[in-house]
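A quick write-up on the structure given underneath.
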Amino acid sequence: MGTTAPILASVVTFAGSAQFAVASVLGAGGGVAAAVGAAVFLNSRYGPIGVSVATEFDGPVWRRLLAAQLVVDESWAIGNLEEGWDVRRVIGAGLVLYAAWVLGTALGVFFGRVLGSPERLGLDAAFPAMFVALVAPQLTSASGRKAAAIGAAVALALVPFTPPGVPVIAAAVGCLVGLRSR
Amino acid sequence: MNAVWLAVIISGAATVAIKGLGPVMLGGRALPPRLASVLSLLAPALLAALIAIETFGSGRHLVIDARVVGVIVAIVAVWLKAPPLVVVVLAAATTALVRAL
């Protein structure tokens with residue numbers, strides 16, 4: 001992909017998994033439409049994720065649109081406190097992650113061969129581990145536990161049958177337990 | 001313009017639109033309590049899905065590999081009230097160790 005395109009991709013698309021999808025589809029000889037399709041599927045989870053914090057964002061439309069770009073899985077999860085959403089935490093974590101993401105992409109482009117694979121360092125287990133730490137406070141209520149169980153089950157069941165990204169959006173149905181349990 | 005740039009720009013624009021949708025439409029509003037209680041459960045549902053997929057997913061397959069051990073260690077560490085940073089480091093180190101064996 002050259003050196004500029006990956007770095008620019010990190011600047012304009014702050015969503016790592018989608019970038020990996022674009023890179024791997026193009027790398028495997030796929031077309032632009034397939035690459036964009038994969039990225040859109042993966043990022044469509046930011047629809048429900050964005051909706052979950054949406055009411056906490058205020059200010060003019062341009063500011064909400066801009067702040068919304070800082071919502072990624074990690075910053076969203078970090079801002080999700082037991083007592084409710086803390087949008088300033090989401091935005092703060094988002095800014096730190098964004099800087100690290102662009103810098104990390106640049107480092108990877110120039111020094112990737114020296115660093116070796118992230119799997120060797122167990123980094124692929126770091127994100128689910130962080131999400132475990134962040135979901136724990138949500139599981140104190142019965143409805144939280146039900147929503148989580150349904151979400152995980154639906155996502156795992158769909159993995160073999162749908163494009164990547166779809167299982168996570170479908171897992172949103174877990175929140176419907178909130179209709180009954182009040 | 002070559003394919004790489006085209007893909008980067010289109011997927012970038014699509015991501016901006018998807019991410020902005022909720023906050024632009026719903027920002028600063030109060031929702032009916034029933035809807036709010038449903039939306040508050042989006043977080044555990046989606047987080048659990050992310051955990052499940054990042055632990056067992058490999059493309060379109062489900063696999064059991066060294067990540068599972070790391071995530072189990074993470075669950076135990078959270079149970080023991082370890083701080084998040086410790087949880088993450090323990091999980092990564094365990095997974096790396098299992099892979100190295």
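Order of the sequence lines fixes the chain letters, A, B, ..., with proteins taken first and strands second; residue numbering starts at 1 for each chain. These figures come from a predicted structure and were not determined experimentally.
Within the 4.5 angstrom heavy-atom criterion, atoms from both the backbone and the side chain of A:Leu156 approach chain B. With a 4.5 Å cut-off on non-hydrogen atoms, B:Ala43 touches chain A through its backbone and its side chain both. Contact of A:Asp124 with chain B is made through backbone and side chain together, with heavy-atom distances under 4.5 Å. With a threshold of 4.5 angstrom between heavy atoms, A:Pro163 approaches chain B through its backbone and through its side chain. Of the atoms belonging to A:Ile49, heavy atoms from both backbone and side chain fall under 4.5 Å from chain B. Neither the backbone nor the side chain of A:Val53 comes within less than 4.5 Å of any heavy atom in chain B. In this structure, the portion of A:Thr162 lying under 4.5 Å from any heavy atom of chain B is its backbone and not its side chain. For B:Leu21, no part sits under 4.5 Å from any heavy atom of chain A, backbone or side chain.
Comparing B:Glu54, B:Met25, B:Lys19 by heavy-atom pairs within less than 4.5 Å of chain A, the highest count is held by B:Lys19. Chosen from A:Val51, A:Thr55, A:Val135, A:Val36, the residue pairing most often with chain B at heavy-atom distances under 4.5 Å is A:Thr55. Here A:Ala54 is the residue among A:Ala133, A:Ala54, A:Ala68 with the most heavy-atom pairs under 4.5 Å with chain B. Among A:Leu139, A:Val132, A:Ile169, A:Leu66, the residue making the largest number of heavy-atom pairs under 4.5 Å with chain B is A:Val132. No other option in B:Val69, B:Thr55, B:Leu42, B:Ile72 has as many heavy-atom pairs under 4.5 Å with chain A as B:Leu42. Between chain B and the residues A:Asp58, A:Val61, A:Leu65, the largest count of heavy-atom pairs under 4.5 Å involves A:Leu65. Comparing A:Ala152, A:Ala171, A:Ala170 by how many heavy-atom pairs each has under 4.5 Å with chain B, the most go to A:Ala152. In terms of non-hydrogen atom pairs under 4.5 Å with chain B, the most contact-rich of A:Phe131, A:Phe161, A:Trp62 is A:Phe131.
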Checklist entry - Between B:Phe56 and B:Ile64, does a side chain to side chain contact (heavy atoms under 4.5 Å, CB included) hold up when you go through it step by step? => result CA-CA 6 Å; B:Phe56 298 105; B:Ile64 291 181; 4.2 Å; yes
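For the pair A:Asp86 and A:Arg88, the salt-bridge criterion is not met [side-chain N within less than 4.0 Å of a carboxylate O].
For the ring pair (Phe, Tyr, Trp, His ring centres under 6.0 Å) test, residues two or more places apart in sequence or in another chain that qualify with A:Tyr98 are A:Phe14.
Scanning all heavy atoms of the two residues, the minimum distance from A:Arg64 to A:Gly59 falls at NH1-O, 2.8 Å. Across every non-hydrogen atom of B:Val38 and A:Cys175, the tightest pair is O-CB, 3.2 Å.
Contacts with chain A (heavy atom to heavy atom, under 4.5 Å) involve these residues of residues 81-91 of chain B, listed by number: B:Pro84, B:Val87, B:Val88, B:Ala91.
In terms of hydrophobic clustering, with Ile, Leu, Val, Met, Phe, Trp and Tyr side chains grouped at heavy-atom distances under 4.5 Å, A:Tyr46 and B:Val24 are assigned to different clusters.
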